[in-house]
Amino acid sequence: MGDASGFSFYTGKNLGALGDGGAVTTNDEELANTVKVLGNYGSQKKYENIYKGMNSRLDPLQAAILSVKLNHLDEEIEKRRDVANSYLEKIKNDNLILPTVREWNNHVWHLFVIRTKNRDKLQKYLSDKDIHTLIHYPIPPHKQRAYKEWNNDSYAISEQIHEEVLSLPISGVQSPEDTEKIIKVINEF
Ligand SMILES: *Cc1c(COP(=O)(O)O)cnc(C)c1O
């Protein structure tokens, strides 16, 4: 699909480290080398900088942990698919919009994001029943202080999505009982 792909190994990801991490994959040797050099201060030869790089090397300890976890990634994804399929089949609530999976698609479910006009009310309702949810993400990029130059712009669809999204619990360690409980509570909202 492209020249290179970027992967995050942030702790909550399907393949997560115990700290921060990430990787770039490519079948272009020259590009691979450039990425490596950029993540190492832009330096190939010690103390000589050929690019304005950064310190973005994968910590060896994280790499060791990821190497072990990589063997269990398919299993992790299958368990997440089970949770997601239960949500998709059994959540029946007209106030909610569930994610759509096209028939030609195969999703690994890092997050399970639903949408509703009553997002904050739903989050509080779930929290009162000990169901922890998160909002990914509450503030759109153009409304962040870091992007002052865009703060006065209006992107209606993006702003609406940020007000409506809610990420339901999903992970490889979520039991079918927990999933059933979450579905029942949501259906009663
Ligand atoms: C993936 C993720 C991050 C970190 O992403 P990086 O690309 O590794 O910086 C942070 N927060 C959440 C909720 C994420 O899912």
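Read the numbers this way: they start at 1 and go in the same order the structure lists the ligands and their atoms. Positions are given from 1 along the sequence.
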Task: For E164, salt bridge (Lys or Arg N to Asp or Glu O under 4.0 Å) partners two or more places apart - done: R115, K117
- [ ] Please identify each residue that fulfils side chain to side chain donor-acceptor pair (under 3.5 Å) with E180, with sequence neighbours left out.
- [x] K90
Nitrogen or oxygen contacts under 3.5 Å, ligand 1 side and protein side:
residue	atom	partner	partner atom	Å
ligand 1	8 (O)	S8	OG	2.6
ligand 1	15 (O)	K13	NZ	2.6

TODO: Decide if the gap between the ring center of Y137 and the ring center of H162 is smaller than 6.0 angstrom.
DONE: no
Open item on the list: Minimum heavy-atom separation for L98 and Y87, please, with both atom names.
Closed with: CD1-O, 4.0 Å
Open item on the list: So, using side chain to side chain donor-acceptor pair (under 3.5 Å) as the criterion, who are the partners of N95 when residues are at least two apart?
Closed with: N93
Task: Shared hydrophobic cluster, F7 / L15 (ILVMFWY, side-chain heavy atoms < 4.5 Å) - done: yes
